[in-house]
Amino acid sequence: MNIIIREIKDDDFEILAVKDFLYDQIKKEYGIGPMPEFHYDIDGLKEYYVLPKRNTLFITLDDDNIVATAAVRGYDKDYEFFKDIYSKDDTASIWRLMVDEEYRRNGLARILIESIENFARNEGYKRIYLNTHRYLEAAIPFWKSIGYEITVEEDDYDETTHMIKNLV
């Protein structure tokens with residue numbers, strides 16, 4: 001393996017390759033294709049992660065093949081239970097952590113999250129928010145192992161668990 005982790009470039013060919021990787025991973029993991037209501041940030045990858053100064057998307061390459069991604073952007077959700085607690089000014093949020101199944105259990109997710117946390121600190125964020133799903137067997141133990149704490153567990157159809165980590 002010849003692994004490199006770096007931020008995505010403002011390059012149309014690379015952006016298209018990242019979109020293809022993400023949609024392929026979503027198909028493998030969730031059994032669904034592109035859904036604009038859930039994947040708007042992938043369709044607008046450049047506008048969400050490349051152009052805004054305080055947002056980015058990290059890619060992991062093995063030679064020239066994308067094998068993992070993780071993105072960070074200012075918190076922009078509208079959950080009522082976090083109203084007036086999190087804002088895009090002080091809270092980052094993690095998106096699109098995807099590791100190809102052939103590359104799992106090699107520490108890539110941890111390294112990607114370290115990259116995101118360092119980026120978020122450098123951009124002045126005080127905390128990082130994420131949500132995951134209880135039906136993803138390894139997700140919650142992974143996030144807890146690197147310091148994220150559960151704030152809210154919903155009993156919705158998606159078994160959503162909200163988590164936070166303070167950076168300061």
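Quick note: numbers below take in every heavy atom, side chains included, and nothing from hydrogens, waters or symmetry partners.
Ring geometry, Phe82 versus Tyr129: the interplanar angle exceeds 60°, so the pair is classed perpendicular (tilted spans 30 to 60°).
Ion pair Lys83/Asp78 not flagged as a salt bridge, since none of the NZ, NE, NH1 or NH2 atoms sits closer than 4.0 Å to an Asp/Glu carboxylate oxygen. By the 4.0 Å N-to-carboxylate-O rule, Glu14 lies too far from Lys46 to be salt-bridged with it. Between Glu149 and Lys144, none of the side-chain N atoms (NZ, or NE/NH1/NH2) sits under 4.0 Å from a carboxylate O, so this pair counts as no salt bridge.
The salt bridge (Lys or Arg N to Asp or Glu O under 4.0 Å) analysis of residues 26-37, with sequence neighbours excluded, yields the pairs Asp24-Lys28, Lys28-Asp100, Glu29-Arg104.
Annotation: side chain of Glu159 is not in contact with side chain of Glu154 (no heavy-atom distance under 4.5 Å). Looking only at side-chain heavy atoms (C-beta outward), His39 and Ile32 come within less than 4.5 Å of each other. Between Val67 and Ile59 there is no side-chain heavy-atom pair separated by less than 4.5 Å. With a 4.5 Å cut-off on side-chain heavy atoms, Ile15 and Val50 count as touching. By the 4.5 Å heavy-atom criterion applied to side chains, Ile3 and Leu61 are not counted as neighbours. Looking at heavy atoms from C-beta onward, Leu130 lies in side-chain contact with Trp143 at the 4.5 angstrom threshold.
In the hydrophobic clustering of ILVMFWY residues, with side-chain heavy atoms under 4.5 Å counting as a link, Ile66 and Ile26 come out together. Hydrophobic clustering (side-chain heavy atoms under 4.5 Å, transitive across Ile, Leu, Val, Met, Phe, Trp, Tyr) keeps Val152 apart from Leu136. When the side chains of ILVMFWY residues are joined at heavy-atom separations under 4.5 Å, either directly or via intervening members, Ile164 and Ile140 end up in two distinct hydrophobic clusters. Under the 4.5 Å side-chain contact rule for hydrophobic residues, Trp95 and Leu51 do not share a cluster. When hydrophobic clusters are built by joining Ile, Leu, Val, Met, Phe, Trp and Tyr residues whose side-chain heavy atoms come closer than 4.5 Å, directly or via intermediates, Val18 is grouped together with Phe38.
By the 6.0 Å contact criterion, NZ on Lys19 is enclosed, its count of non-hydrogen atoms from other residues, nucleotides or ligands being greater than 12. Shown here is Asp12, whose CG atom has no more than 12 heavy atoms of other residues, nucleotides or ligands within 6.0 Å. In the displayed structure, Asp64 atom CG is contacted under 6.0 Å by at most 12 heavy atoms of other residues, nucleotides or ligands.
Between the side chain of Asp11 and the backbone N or O of Phe13, at least one donor-acceptor pair lies under 3.5 Å. Panel note: side chain Asn131, backbone Thr161; no donor-acceptor pair is recorded below 3.5 Å. With His133 contributing its side chain and Asp158 its backbone, the two residues share a donor-acceptor pair below 3.5 Å.
Between Ala68 and Leu112, the shortest heavy-atom contact is CB-CD1, 3.7 Å. The heavy-atom pair separating Met163 from Ile150 by the smallest distance is CE-CG1, 3.8 Å. Heavy atoms only, all atoms of each residue included: Tyr75 and Ser93 are closest at CA-OG, 3.9 Å. Closest of all the heavy-atom pairs between Phe58 and Ile116 is CD1-CG1, 3.8 Å. For the pair Ile146 and Glu117, the tightest heavy-atom approach, listed with the atom from each and the gap, is O-OE2, 4.5 Å. In plain terms, the two heavy atoms of Phe119 and Arg54 that are nearest each other are CE2-O, 3.4 Å.
Interatomic distance, CD of Gln25 versus CD1 of Ile42, reported as 10.5 Å (0.5 Å rounding). Annotation: the span from Asn65 atom CG to Glu102 atom CD amounts to 10.0 Å, rounded to 0.5 Å.
Counting only N and O atoms by type, the side chains of Tyr23 and Asp43 include a donor and acceptor under 3.5 Å apart. With hydrogens and angles left out, the side-chain atoms of Asp90 and Ser87 include a donor and acceptor closer than 3.5 Å. Counted by atom type alone, Tyr86 and Arg127 present zero donor-acceptor pairs between their side chains at under 3.5 Å. No donor-acceptor contact under 3.5 angstrom links the side chains of Tyr48 and Asn55, judged on distance only. Using a 3.5 Å distance cut-off with no hydrogens or angles, the side chains of Thr160 and Arg134 do not pair a donor with an acceptor.
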Could you give me the CA-CA distance, side-chain angles and deciding distance for Thr69 and Leu97, then say whether side-chain contact (heavy atoms from CB on, under 4.5 Å) is met?
-> CA-CA 5 Å; Thr69 61; Leu97 176 60; over 6 Å; no

Step by step, work out the side-chain hydrogen bond (donor to acceptor under 3.5 Å, both in side chains) result for Asp62 and Tyr103.
-> CA-CA 10 Å; Asp62 184 1; Tyr103 289 82; 2.6 Å; yes

Check the pair Tyr148, Ile128 against side-chain contact (heavy atoms from CB on, under 4.5 Å), reporting the backbone distance first and the verdict last.
-> CA-CA 9 Å; Tyr148 287 77; Ile128 298 183; 3.8 Å; yes

side-chain hydrogen bond (donor to acceptor under 3.5 Å, both in side chains) assessment of Ser145 paired with Arg110 | CA-CA 10 Å; Ser145 78; Arg110 286 181 189 276; 2.8 Å; yes

I would like to know whether Asp41 and Tyr49 meet side-chain contact (heavy atoms from CB on, under 4.5 Å); could you show each step before the answer?
-> CA-CA 8 Å; Asp41 64 308; Tyr49 302 115; 2.5 Å; yes

Verdict with reasoning, Leu45 to Leu22, per side-chain contact (heavy atoms from CB on, under 4.5 Å) | CA-CA 11 Å; Leu45 202 108; Leu22 287 168; 4.1 Å; yes

